[in-house]
Structure formats: structure tokens, C-alpha cells
**Q** 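Structure below; questions to follow.
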Amino acid sequence: MIKGVMNKVEYREVALAAWLINIGRFWDDGAESLVEGCRGVLERYLDVEKLLGILRKKPECAKQRRLVDDAFSLSLCESEAKEKLAKGRNLTSVFSRVTVKDKSEKKKMYYSIRKESPEAIFPQEKGSDEQRKKLSMEFMKELKSLKDYAPGSWEDFIVVFDGLLRKYTWCITASDYEGEDISLYNQSRIAGAIAECMARSHDAERKYFKLVVGDFSGIQNYVFSVANVNKKGVAKRLRARSFYVDVAVSAIAQDIIYRFGLTQNHILMLTGGKFYLLLPNTEDSDKLLETIENEMEESFLSLFKGQIAIHLAWITMGADGLEYYSQSVTEIMRVLGEKKAMAFHHSLTDGDGWIEDKFSLYKDLAGKYVCGSCQRELTDRDQEYCPNCAMQTEIGGRLPRTRYISYYRGEREGAYHIYGNYWIGLWPEFRKDEAFLIEQINGSSLPEQAKGAPVKIRYMANHIPVDAVDGDVMTFNDMAEVSRGTKRLAVLKADVDTLGYIFADGLRTGKRHFGTISRVNTMSRFLEIFFSGYVNQLISQREEYRNVYSVFSGGDDLFLIGPWDVIPKLAVEIHKDFRNFAAQNPALTISAAVSVFQPREHIANMAELSEQSLKEVKNKTIKELYPEKPGRDGVSFLGQLFGWEDLRKQLDIGEMLAGLLEDKQVSIGIIRRIGTYSRMYREFLISHDVMSLMFEPLFHYDRKRNYEELGKRTNPRMQWFLDDYVDDLSKNAADLRVVKKNLFFAEAAIAYALNITKEERV
């Protein structure tokens, strides 16, 4: 166990004082009043008089108070020259600060003061402080009620306390100065972690901290290598593998903070198969981390025969590492890259070189068969699946009904082994047992029986479509069957553009770099709520999107599967909502690929081809249409690259054309020929082939010969088709000074219309 310079109880008092020192931004009566009001709760875990002594700056607590003040300063890292900026206590969106290259058209936007929820993360142009007092009273009432529902330990109390602060103070600014875009919740919990690290550190050079990152390597390869899609239970194993990535990384993070004797607030970020921890730099911290790293390597080599790995990296840093946290993240990612290049180094080598026996994965092959699912592990004759795939099938079957994830140290009946001594239970209802942590999935409030239990809200994009008639989970074939027209699936793969650069340098203004630990943490947490919470809410609560399957969505990216006609509209809506979420800052963009497949296509092929399409969106552009951008901030669909607004418009046009086809107002031949003219126009525009200019006389001849009868029809769509759409398309498009986007994209709009009006269109 980690040694320190203070006794264990003093750690608690110092840490909680640092958590509370800035609570006056939310609770008007300040930290001392809050402690007095909750004395009956707090005295179970620490010396309340000592805590009050620190807060009141009593002489005998001077050392502890200096440490708390230092932790508070480091959590904000504001400059000495302070000019008051904020007019109220509403949190300013951190995305309002981001700058990428010359994209500086940004404005401050504010969050409404309300309880945390996925729909609350969209900032407004004006902030209001009206609800703060009401929320602060509710916060105090819940905190005081813990006297009757006391958490069983200090660690349990911190989980509950952290949840209350998150619920009520997420939208409160931590400062009226430079920290106006730092959430009070993030600042206070990080201040507590900083204070405890400083209290425990022995480093004479004031390098108080270890920043630790854990990273699941090869997520996509692992999740999608479920082999034969025609095997029963493939959808279950798909969602189980995506889920396993999250809980395995979480279990390792929990193991590290437990072995360091720390609490949940030392987990800075836990999302997307990765975690960041802030640990004390003590005499034996490196040794303990090396021990954990070796155990982790051995465990995953044994369980998965080297198929997957979780890498651990860490750096030592001082106060400047927190102030320039973005640079610290850049440095630790460099170290992580080196670790990835030496995967399983400790397990496969010793002082004399390779350990050859470790490369022999199976000692006895007699009577062994390849697993029918993953086709990588071996199994016995009477077992169709290897132990991992069998467990994943069972987990995947339980996930649709899971509302609570319980974490245990040691085996528990009905729970699943994840890593080392860590097991998880998947329960449809809350159960109060020996779990040290319970995650409630996507709930906004906890049940009455959960009071005092170590429960936290976890947003998870876990929507699984079910049949409206029998309530059964839909297969990929089922999802394709509910498509309009052609019975196919579409994959939506999307992520935030240049996010690495944004974290590393996007928070720089002139010579000042605002990439501090609390600000970066605030940004990371908001992105997680959008992708894990809001996206899941969008597809699960909106009728038109309920047949979409969430493979994963979290961190800064997503992978969704659904009916081919629904997915492009969902992509457009997610983009629109992301723009609002990101405070309309043009520096924050999102790229996506919508790829259409037959329902029997192998999921791994879907993933690989979708990834290739997304890379194309990020690295290519149509300079004739978008001369201002080299790539990114776009979407691909039906073989074309679109700007987001152009895709939205062409989907609308496609729907109008489909209506004309369904009403038999326009022949398929007329529509197809327009697609041909569109293709010729694109060839002329891009290659300048003068023969492609033949589209103009051909289009003119077509209109003269075949459109006269159309003008006699009174259908409103027909008036749009003739007076607006066709007239616009047929204007002089040979003028290279003006690009006609409707004509450029007409073939894609027509393909969309044809495919939603007949089951098998080419």
C-alpha cells in the first residue's frame, strides 16, 4: 500500500476540503455552513472539527490549508492578472474557446442551470441564474438525507457525493474569471484528487503526480471479429464484445485506484476504451504500476492468447503538468505509443530473450476444434463455442434487459469474470449487495432503495431495436426488412475531426494555453455525454430511429447500424445537433460515412469498408464544390462526398422525387435520364471533357419531346419538379464560374428516390 506524509484520515479531510472550498459558487452559505449542516453524515468518515479547521484557516491546520489552496489554484490554473468576465454563475461552454487555424467565428454560449441530463448539454446564447438557489436547496436536502441512509464506507460516500455534485453543479462555472468555462463539478473533484496526491507524495522536486493512461488496443478488430454472421447469436456476441471493452477498461482503472488506496475522483476520464488517472508520485508508485502492468499482460495473454491487449503508460509531472495538461496528454500518448510497439514485452521476454514456451498457445490439440464463432480459439468436441464466446453470448442476451452493472472484488453467483479479481453483475433491477460500485444505465434519478449505495449514473449508447409486434430483439435481416424499398442495411460511422489537435493546441489563445486539467476534463466529459447519452436518447426515443442498432457510441465517435433509408437522415440530425452542442463553433466539426450493405454482409467487412469511406471523407474533397476545405466536415453516401447541408437538401429532393414516382406522375425513364445528365456534368466539371457537354443539348431535347404532357398535371410536387427543380438543373451549367450543386448531386438524389420506391433498384 502507498506510504504518505499524513495519516489516512487527514487524506480524507484535506481531499474533501479541496472539493468544498469553491462550493460557494453554488451554495451561498459556503463550505463551512454545508459541513455544519451535514455533520451527522460526515462524522461517520472523518474528523469534522479538523475539516472545519482547514476551511476556517485555523493556525493548527495551516499546513493542510496551504495544500488545499494550492490544489484549488492548480485545478483552475488562472493567471495572476484577473479581469472579471462572467456576469452570472452559468457555465460558459468550453467549446466557445476552441480555435483551429483561422476558424475564429465563435461566440460565448451558456448552459441553463438545471440538473444534468443529455438534453441539458446544449448551450444557449444567454444564461440565467434563476434556478440555482432552488437546485442548491435540493442538493443540500439530498446530502443531509444520507444521515438516514449512510454509505457503508468512505469510498462509498465519495461515489454518492460525486454523483450529487455532478447532478447539481455540472452547469455552474468554477470561476468568474478565466475559469468561466470550467465546470464546478470537474474543478472540485479534480481539486480533491490534486490535494490528496500532494499530501501523499514524497517527491523532493515537487513532482507530485503520476498521470496514467490505459488503452484498449485494437477495439474495432476485436469487436467485429465475430466470424460467421450466419451463426446463431452473432448479434449477441457483437454487443457483448463492445460492452466488454468498456467494463474491462473500467475494471482495470478500479483496480489501480483501489491498490493505491484512492477514490473515484482520481479517475479523470473513462470512455471509449481508455482511461486517465491522477495518482500520487510516491516512493513505490512506479514499482506498483509496473506490477499491475505485468499482471495485466499475463491476464490478457492467458485469456485471449494475444488477440487483444490493454496497454498502460504513465509519466511523472509537477504543477506545470496540470497547467499545461494538453501537453502532458501529448507526452503520455507518445509513451503509450512506445508501449503499444512492445505489446506483451514483459510476458514474452526475459533477460535472455524470447520465452519460447509462451508462444505455444495450446499444449494438447487432440480432440480440439476451432470455435464456431470467433474461429480463433479451440474448444472440445461437445462445445460449439469457446469459453469466451459462450460467455459473450450469454452477456449479449442479458444486456437488453440490464439496468444496473455491479462491480465486485471476488467471485459472485450470477456475475461474470472480467479481469483479475473483478467480476460484474448485470441486473434488470437494483440490488443492494457487496458491490463496491453500481452503475445505473441511462437513468436520470436513482430509486429510493439505492439511497446511500455506491451508485452512479452512467450514460451508455445501448439501444437495441425490438420488433413492435412480439417484442423480440431484431436481427440484421429484420432491420433491413423494415427499410423502405430496397431491403438493405446502412452503417453510420462518424467521429469528431482533428480532436487530437483540439486537445493539444485548440485551447491556445495567443501566448496563453488554456488546456488545463480541469478544462480538458470538462470538454472530455461533455463529449462523452453527447455521444453516449444524447445519441442513445435520440435513437431510443424518436420513433423514426428506433430500428437503429447502436454497436458503440462514446468518447468522440460512433458506429450505428439500421435500415438504409433511415441512417442518412439520422446522420444529418446528429450533425445538426453536434453543431448546437459545440456552441456553433466552426472549429468543431464532424465527419461521417453512410455505407449501404446487403443484410448478410459480414459485420467485419461492414466495419472495414465504412472505415475506408470515413478516411476518404477526411482526406479528400471535391475542390470544384468545396474549394475552401481540404477535407473533413462532410459525409459520404451512395458513392458521393457531400457537405452536410448538401446531403440534407438532396435527401429532401429525393423524397420529393420519390413522391412523384409513387404517384406515377413522372416516368422512371425521365428520372433516370436526369441521373445520366448529372453524371455527364460531373465528368465535365472535374475532367473538363468537352464531350460531356453533350448533356446540355440532350437535356434540352428531352424536355422538348417528353415534358409537354407533364405540364398539364396539377400535382403540387409536379409544379415543384417543372418550375423549380428541372428549370434549375437545365440552366447553363457549362459556365465554370458557378457550380450547380443540384445538377452535380442529382444522380445521388435520384438513386435514393428509386431505391425507396421499389424493393430492388440498381
Side-chain angles (χ1 to χ4, degrees), residues 1-19 63-64 66-77 155 158 187 189-215 252-270 274-296 311-336 338-339 346 515-518 520-521:
M1 194 60 69
I2 296 297
K3 300 175 183 178
V5 297
M6 295 182 181
N7 64 54
K8 190 172 184 179
V9 175
E10 282 184 310
Y11 294 155
R12 298 179 181 182
E13 294 150 4
V14 166
L16 192 58
W19 277 64
K63 180 176 68 173
Q64 291 90 341
R66 282 196 302 272
L67 193 153
V68 168
D69 287 339
D70 287 345
F72 171 74
S73 296
L74 287 173
S75 68
L76 282 177
C77 296
E155 290 74 20
I158 287 297
Q187 176 273 316
R189 74 191 302 271
I190 287 173
I194 292 172
E196 184 157 359
C197 287
M198 294 174 72
R200 291 176 178 239
S201 175
H202 284 272
D203 192 86
E205 297 181 356
R206 302 173 68 84
K207 299 288 186 181
Y208 300 119
F209 313 104
K210 293 287 185 186
L211 180 63
V212 180
V213 62
D215 182 76
I252 293 170
Q254 299 296 338
D255 183 42
I256 294 173
I257 63 170
Y258 174 71
R259 291 164 77 167
F260 271 76
L262 301 171
T263 52
Q264 296 290 319
N265 61 310
H266 288 264
I267 300 177
L268 302 178
M269 187 188 81
L270 180 57
K274 185 177 293 183
F275 62 72
Y276 286 90
L277 311 177
L278 188 67
L279 309 179
N281 178 29
T282 64
E283 292 176 336
D284 50 359
S285 56
D286 281 315
K287 184 177 180 181
L288 181 52
L289 286 170
E290 288 170 2
T291 299
I292 294 170
E293 181 181 34
N294 292 340
E295 291 176 1
M296 193 173 66
H311 304 282
L312 203 64
W314 59 90
I315 60 173
T316 305
M317 61 187 190
D320 57 338
L322 302 181
E323 183 171 3
Y324 301 103
Y325 183 69
S326 290
Q327 296 178 15
S328 299
V329 171
T330 300
E331 170 62 16
I332 200 171
M333 293 308 294
R334 182 192 64 77
V335 177
L336 180 64
E338 294 174 356
K339 291 290 186 76
H346 298 289
T516 63
I517 185 169
S518 294
V520 170
N521 194 258

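Predicted, not measured: the structure shown is a model, and the values here were computed from it.
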**Q** Using atom types as modelled and distance alone, determine if a side-chain donor or acceptor of Ser201 lies under 3.5 Å from a backbone N or O of Cys197.
**A**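 Not confirmed, Ser201 side chain does not pair with Cys197 backbone.
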
**Q** State whether the side chain of Ser73 and the backbone N or O of Asp69 hold a donor-acceptor pair below 3.5 Å, judged by distance alone.
**A**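 Judged by distance alone, yes, a pair lies under 3.5 Å.
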
**Q** Sequence neighbours excluded, which residues qualify as salt bridge (charged side-chain N to carboxylate O under 4.0 Å, His left out) partners of Glu295?
**A**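 Glu295 satisfies salt bridge (charged side-chain N to carboxylate O under 4.0 Å, His left out) with Arg259 once adjacent residues are dropped.
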
**Q** According to side chain to side chain contact (heavy atoms under 4.5 Å, CB included), who are the partners of Val520, at least two apart in sequence or on a separate chain?
**A**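 For Val520 the side chain to side chain contact (heavy atoms under 4.5 Å, CB included) partners, ignoring immediate neighbours, are Tyr325, Ser326, Phe503, Leu507, Ser524.
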
**Q** Are any non-hydrogen side-chain atoms of Leu279 and Phe209 less than 4.5 angstrom apart?
**A**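 Sidechains of Phe209 and Leu279: no contact.
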
**Q** Please walk me through it: do Ile190 and Asn265 pass side-chain contact (heavy atoms from CB on, under 4.5 Å)?
**A** CA-CA 7 Å; Ile190 287 173; Asn265 61 310; over 6 Å; no

**Q** For Glu323, enumerate each residue passing the salt bridge (charged side-chain N to carboxylate O under 4.0 Å, His left out) test, keeping only those at least two apart in sequence or located in another chain.
**A**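 For Glu323, no residue satisfies salt bridge (charged side-chain N to carboxylate O under 4.0 Å, His left out) once neighbours in sequence are set aside.
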
**Q** Between Val14 and Val68, is a side-chain contact (heavy atoms from CB on, under 4.5 Å) present by the stated rule, with each step listed?
**A** CA-CA 6 Å; Val14 166; Val68 168; 4.1 Å; yes

**Q** Using the test salt bridge (charged side-chain N to carboxylate O under 4.0 Å, His left out), find all partners of Arg334 that sit at least two apart in sequence or belong to another chain.
**A**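 By the salt bridge (charged side-chain N to carboxylate O under 4.0 Å, His left out) rule, Arg334 matches Glu331, Glu338.
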
**Q** Tell me if a side-chain donor or acceptor on Lys207 pairs with a main-chain N or O of Met317 at a distance below 3.5 Å.
**A** no

**Q** Is there any salt bridge (charged side-chain N to carboxylate O under 4.0 Å, His left out) pair reaching into residues 189-199, and which pairs are they, with sequence neighbours excluded?
**A** Asp162-Arg189, Glu196-Arg200

**Q** Suppose we screen for side chain to side chain contact (heavy atoms under 4.5 Å, CB included). Which residues come up paired with Asn294, at least two apart in sequence or across chains?
**A** His346

**Q** Just to verify, what does Ser75 make a side-chain hydrogen bond (donor to acceptor under 3.5 Å, both in side chains) with, not counting sequence neighbours?
**A** Gln187

**Q** For residues Ala191 and Ala71, report the shortest heavy-atom separation together with the two atoms involved.
**A** O-CB, 3.5 Å

**Q** Where is the tightest heavy-atom contact between Asn521 and Met269, given as atom of each residue plus distance?
**A**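 Scanning both residues completely, I find the closest heavy atoms to be ND2-N, 4.3 Å.
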
**Q** Given Met296 and Asp255, is the side-chain contact (heavy atoms from CB on, under 4.5 Å) satisfied, shown in steps?
**A** CA-CA 11 Å; Met296 193 173 66; Asp255 183 42; over 6 Å; no

**Q** According to side chain to side chain contact (heavy atoms under 4.5 Å, CB included), who are the partners of Asp215, at least two apart in sequence or on a separate chain?
**A** Lys274, Leu336, Lys340

**Q** Picking from Leu268, Leu277, Ile267, what satisfies side chain to side chain contact (heavy atoms under 4.5 Å, CB included) with Val212?
**A**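 Between Val212 and the candidates, side chain to side chain contact (heavy atoms under 4.5 Å, CB included) is satisfied uniquely by Leu277.
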
**Q** Supply the atom-to-atom distance Ile517 CD1 to Leu74 CG, rounded to the nearest 0.5 angstrom.
**A** 9.0 Å

**Q** Working to the nearest 0.5 angstrom, can you tell me the gap between Ile292 CD1 and Ile252 CD1?
**A** 10.0 Å

**Q** For the pair Glu155 and Gln264, evaluate side-chain hydrogen bond (donor to acceptor under 3.5 Å, both in side chains) and give the outcome as yes or no after the intermediate values.
**A** CA-CA 8 Å; Glu155 290 74 20; Gln264 296 290 319; over 6 Å; no

**Q** Could you state the interatomic distance from CG (Leu322) to OG (Ser328), rounded to the nearest 0.5 Å?
**A** 7.0 Å

**Q** Please identify each residue that fulfils ring pair (Phe, Tyr, Trp, His ring centres under 6.0 Å) with Trp314, with sequence neighbours left out.
**A** none

**Q** Does the side chain of Lys210 come under 3.5 Å of the side chain of Thr316 through a donor N or O and an acceptor N or O?
**A** yes

**Q** Is the closest side-chain heavy-atom distance between Ile315 and Val335 below 4.5 Å?
**A** yes

**Q** Name all residues meeting the side chain to side chain contact (heavy atoms under 4.5 Å, CB included) criterion together with Tyr324; count only those two or more places apart in sequence or in a different chain, and write none if there are none.
**A**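 Listed in chain order: Asp320, Gln327, His513.
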
**Q** Considering non-hydrogen atoms only, spot the tightest contact between Leu262 and Pro280 and give its length.
**A**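 What the structure gives for the nearest pair is CD1-CD, 3.7 Å.
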
**Q** Could you measure the distance from the CG atom of Leu278 to the CD1 atom of Ile257? Nearest 0.5 Å is fine.
**A** 12.0 Å

**Q** Ignoring hydrogens and angles, tell me if any N or O in the side chain of Thr263 forms a donor-acceptor pair with the backbone of Ile158 under 3.5 Å.
**A** no

**Q** Find the distance between CZ (Phe275) and CG (Leu312) and round it off to the nearest 0.5 Å.
**A** 5.5 Å

